[in-house]
Amino acid sequence: MIGASTLPEVELGGARPFRVYLPVLLSGDLVQSAEHLGPAYLAAVLRNAGAEVRIRTLPGIHPAHWHEDILKFAPDLVGLSLTMVANADAQAFGAMLRQSLPNTPIVGGGPLATHLGEALLRTPGWDFFDGLVRGEGEAPILMLADALKHGHELSTVGSLVYRSDDRVIANPVTLGVGNLDLLPPPARDQFLESGNALPYLRISTSRGCTSHCTFCNAPHVRNRVGSATKPWRGASPGKIVDEIEDLVRRYGVNTFDFVDSTFEDPGGGKIGKARIAAIAEGLLDRGISIYYNACMQAANWNEGDRDLLNLLWRSGLEKVLVGIESGSDLGLARWQKKSTVADNVRIIRLLREANVYVAFGFIAFHPWITLEEYESNILFLRDSFGHNLRRFTTRLELYPGSEVIGQLQQDGLLDQSYTENLNIYGYRWVDERLERIANTLNGLYGTEYAETGKIDREPAVFRFETFDITTHNFSSRLARALQDHRTGSAILREFDVETEEIRKELADFNFALISDIIESTRAGHLDTAAVHARAPEIETVFSQAMARIERLKLIAGMNLRRAGIDTRNILFKTSVAEVA
């Protein structure tokens with residue numbers, strides 16, 4: 001362990017400032033909002049030290065998207081953040097990058113670099129990397145840039161794993177920044193690059209997580225980059241509200257996504273809840289009118305938190321992602337979740353009563369699952385989120401550093417494809433019948449999705465997930481503004497009743513589809529081809545549902561305008577108290 005949990009003071013400016021190029025590969029959730037806060041924070045600290053930094057969002061890895069730009073910029077260092085979902089693209093991009101810049105240091109960071117470290121540099125396909133940074137990158141990238149600019153030894157760079165002749169050397173780790181208030185706001189280059197057209201901006205109010213879910217690698221970063229690193233650190237409410245207010249003033253944005261693992265940490269107790277209450281109160285006190293999304297843990301919320309949830313809603317909370325994961329207490333215990341099924345049912349009810357949209361993570365299938373456990377999962381989904389077909393089909397994904405990988409190894413279920421290619425579905429199954437059900441269902445979205453989790457063309461089932469959220473936002477945003485408007489409230493209630501009926505129809509359709517598959521499996525004659533032949537029908541069902549809801553939305557909007565309500569001003573307003 002070296003260094004203090006603050007940022008080192010370095011000088012990267014001068015007549016020829018040190019240049020850093022930070023490409024962002026569009027993969028996973030970045031496709032919806034092309035903003036990656038990792039490179040954004042690196043750019044911020046580098047610029048404060050005098051460096052010249054360019055962040056580029058790459059819609060594809062073909063040289064046409066980046067080749068001329070990077071050669072013209074002539075970087076002294078390229079930093080590439082690595083995630084599981086983008087690892088294949090990163091390998092292909094890195095190989096081309098090395099050909100274009102044979103003498104420029106290329107360094108990786110992010111979850112893969114943190115958890116694989118030296119092993120990744122020794123793995124075929126990653127030889128384009130000169131080094132990796134484990135853990136939080138702000139302090140290490142400053143030290144690395146300083147070493148490269150001024151000719152210092154790389155051994156002085158904390159958290160760096162690097163090649164030296166035929167060896168791979170791992171330096172002692174540097175602690176992450178202990179006081180997050182010391183970090184500058186992240187650079188918003190990716191938002192500007194989009195033409196200010198992203199659906200939301202991302203905000204990080206904290207780092208770390210106090211839980212230890214076995215499928216997640218976030219809690220285990222601490223084990224990889226130093227036991228002295230606190231498992232959770234939160235920025236002060238004032239700093240967070242300052243950042244949001246500045247973004248609203250500068251860009252006129254009104255929607256934010258809080259990317260914290262759990263918004264209410266630490267541990268769901270009074271300290272964590274007091275902190276998020278202060279954030280909400282700060283937004284309200286300053287008259288900052290926004291909407292925001294956050295993540296919460298079910299076990300942390302109970303009936304006594306209604307006032308806090310109402311406060312959060314009044315400050316703009318409109319969607320919460322909850323790690324539900326399983327419809328059985330047996331499944332929750334396997335993942336070492338703090339919550340029970342009763343906790344999950346309660347938080348869904350509390351959030352919906354507060355008019356907050358509930359999204360949730362769910363692991364419908366995993367290598368140890370039995371038919372009985374899967375039936376518990378689909379019964380839970382039918383009663384809570386049954387209109388979302390994909391939740392019935394999701395499989396366990398493997399992430400380096402997660403505890404579940406060791407469990408799979410111990411049980412002889414870890415497949416060689418994970419070890420060799422980081423295949424997120426690289427495991428074998430205890431019950432082959434469940435494997436066949438999982439593969440059959442995921443094949444409805446295409447062969448590539450079934451094999452890799454990626455899609456070429458977004459099916460209606462996937463589009464409906466986003467559509468359902470925007471439908472809720474349409475209604476809830478208007479409901480906030482029309483609480484005292486009798487006619488407007490009545491129109492919205494009618495809209496909500498009618499759209500909920502369509503969701504119920506979808507839930508019945510989904511449950512019947514899955515039940516037929518389970519029945520066929522029990523009888524020993526599951527016909528995968530026959531299930532896949534229903535893909536066009538499923539596409540039609542979900543497409544028609546969206547069309548019906550869209551028509552209801554148009555009618556509701558028309559009726560509201562006839563009642564003298566300016567819906568556009570309500571839905572798209574972005575304001576601070578004194579800003580029009």
Side-chain angles (χ1 to χ4, degrees), residues 1 25 27-29 36-39 41-42 79-91 94 106-141 144 157-163 168-176 207-232 259 261 323 335-336 396-410 413-427 453:
M1 188 77 58
L25 305 182
S27 299
D29 67 342
H36 189 340
L37 286 187
Y41 273 107
L42 298 183
L80 181 61
S81 184
L82 302 174
T83 61
M84 279 296 286
V85 71
N87 82 82
D89 286 347
Q91 282 185 296
I106 303 174
V107 175
L112 287 186
T114 294
H115 292 289
L116 295 178
E118 299 169 68
L120 189 65
L121 289 187
R122 294 191 176 100
T123 301
W126 299 98
D127 53 316
F128 61 88
F129 273 131
D130 297 291
L132 303 169
V133 170
R134 295 167 294 164
E136 296 174 22
E138 289 88 1
I141 201 165
L144 176 59
V157 180
S159 301
L160 181 68
V161 179
Y162 63 100
R163 303 181 193 276
V168 174
I169 299 174
N171 292 344
V173 299
T174 295
L175 297 180
R207 294 185 179 183
C209 183
T210 62
S211 294
H212 294 86
C213 303
T214 60
F215 55 83
C216 180
N217 58 12
H220 307 289
V221 171
R222 185 181 177 201
N223 300 332
R224 302 286 174 157
V225 298
S227 59
T229 302
K230 293 180 180 179
W232 182 90
V259 299
S261 294
W335 307 129
Q336 293 183 20
L396 172 69
E397 297 179 357
L398 302 183
Y399 298 101
S402 60
E403 192 173 322
V404 72
I405 293 173
Q407 295 172 346
L408 289 167
Q409 286 177 315
Q410 183 177 335
L413 297 176
L414 191 66
D415 190 76
Q416 191 172 353
S417 63
Y418 172 79
T419 305
E420 293 179 350
N421 305 313
L422 295 176
N423 176 14
I424 59 174
Y425 305 123
Y427 45 76

Got a second to check how far Leu396's CG is from Thr214's OG1, nearest 0.5 Å?
8.0 Å
Evaluate the side-chain contact (heavy atoms from CB on, under 4.5 Å) criterion for residues Leu408 and Leu398: first the C-alpha distance (whole Å), next the side-chain angles of each, then the deciding distance (0.1 Å), finally the verdict.
CA-CA 10 Å; Leu408 289 167; Leu398 302 183; 3.6 Å; yes
Got a list of side-chain donor-acceptor pairs under 3.5 Å for residues 121-132, not counting sequence neighbours?
from	atom 1	to	atom 2	distance (Å)
Thr123	OG1	Ala119	O	2.7
Asp130	OD2	Arg98	NH2	2.6
Asp130	OD2	Ile106	N	2.8

Measure the CH2-CD distance between Trp335 and Glu403 for me, rounded to the nearest 0.5 Å.
11.0 Å
Gln410 meets the side-chain hydrogen bond (donor to acceptor under 3.5 Å, both in side chains) criterion, sequence neighbours left out, with none
Using side-chain contact (heavy atoms from CB on, under 4.5 Å), reason through Val107 and Val133 one step at a time and then give a plain yes or no.
CA-CA 7 Å; Val107 175; Val133 170; 3.9 Å; yes
State whether the side chain of Thr114 and the backbone N or O of Gly135 hold a donor-acceptor pair below 3.5 Å, judged by distance alone.
yes
Taking every heavy atom of Val161 against every heavy atom of Glu118, the minimum-distance pair comes out as CG1-CG, 3.7 Å
How long is the span from the CG atom in Leu144 to the OG atom in Ser159, to the nearest 0.5 Å?
11.0 Å
Could you report the tightest heavy-atom contact between Pro400 and Leu422, atom names first, then the distance?
CG-CD2, 4.3 Å
List for me each residue that meets side-chain hydrogen bond (donor to acceptor under 3.5 Å, both in side chains) alongside Glu420, sequence neighbours excluded, and say none if there are none.
Gln416
Could you pull out the closest heavy-atom pair between Leu160 and Tyr162, with the gap in Å?
CD2-CD2, 3.7 Å
Shortest non-hydrogen separation from Pro111 to Leu82 and the atoms involved
CD-O, 3.0 Å
Set of side-chain hydrogen bond (donor to acceptor under 3.5 Å, both in side chains) partners for Tyr418, sequence neighbours left out:
none
To the closest 0.5 Å, what do you measure between CD1 (Ile424) and OH (Tyr399)?
6.0 Å
Considering all heavy atoms of both residues, which atom of Ala139 and which atom of Thr174 are nearest to each other, and what is their separation?
CB-CG2, 4.1 Å
Just jot down the side-chain hydrogen bond (donor to acceptor under 3.5 Å, both in side chains) partners of Gln407, sequence neighbours excluded, or say none.
none
In terms of heavy-atom contacts, Gly158 and Pro140 come closest through O-CB, 3.4 Å
Could you check whether any side-chain N or O of Asp415 sits under 3.5 Å from a backbone N or O of Ser417, counting only pairs where one atom can act as donor and the other as acceptor?
yes
Of all residues at least two apart in sequence or in a different chain, which pass the side-chain contact (heavy atoms from CB on, under 4.5 Å) check with Thr419?
Leu414
Before you tell me yes or no, could you show the steps for Tyr425 and Glu397 under side-chain contact (heavy atoms from CB on, under 4.5 Å), namely the whole-Å CA-CA distance, both residues' side-chain angles and the distance that decides it to 0.1 Å?
CA-CA 6 Å; Tyr425 305 123; Glu397 297 179 357; 3.4 Å; yes
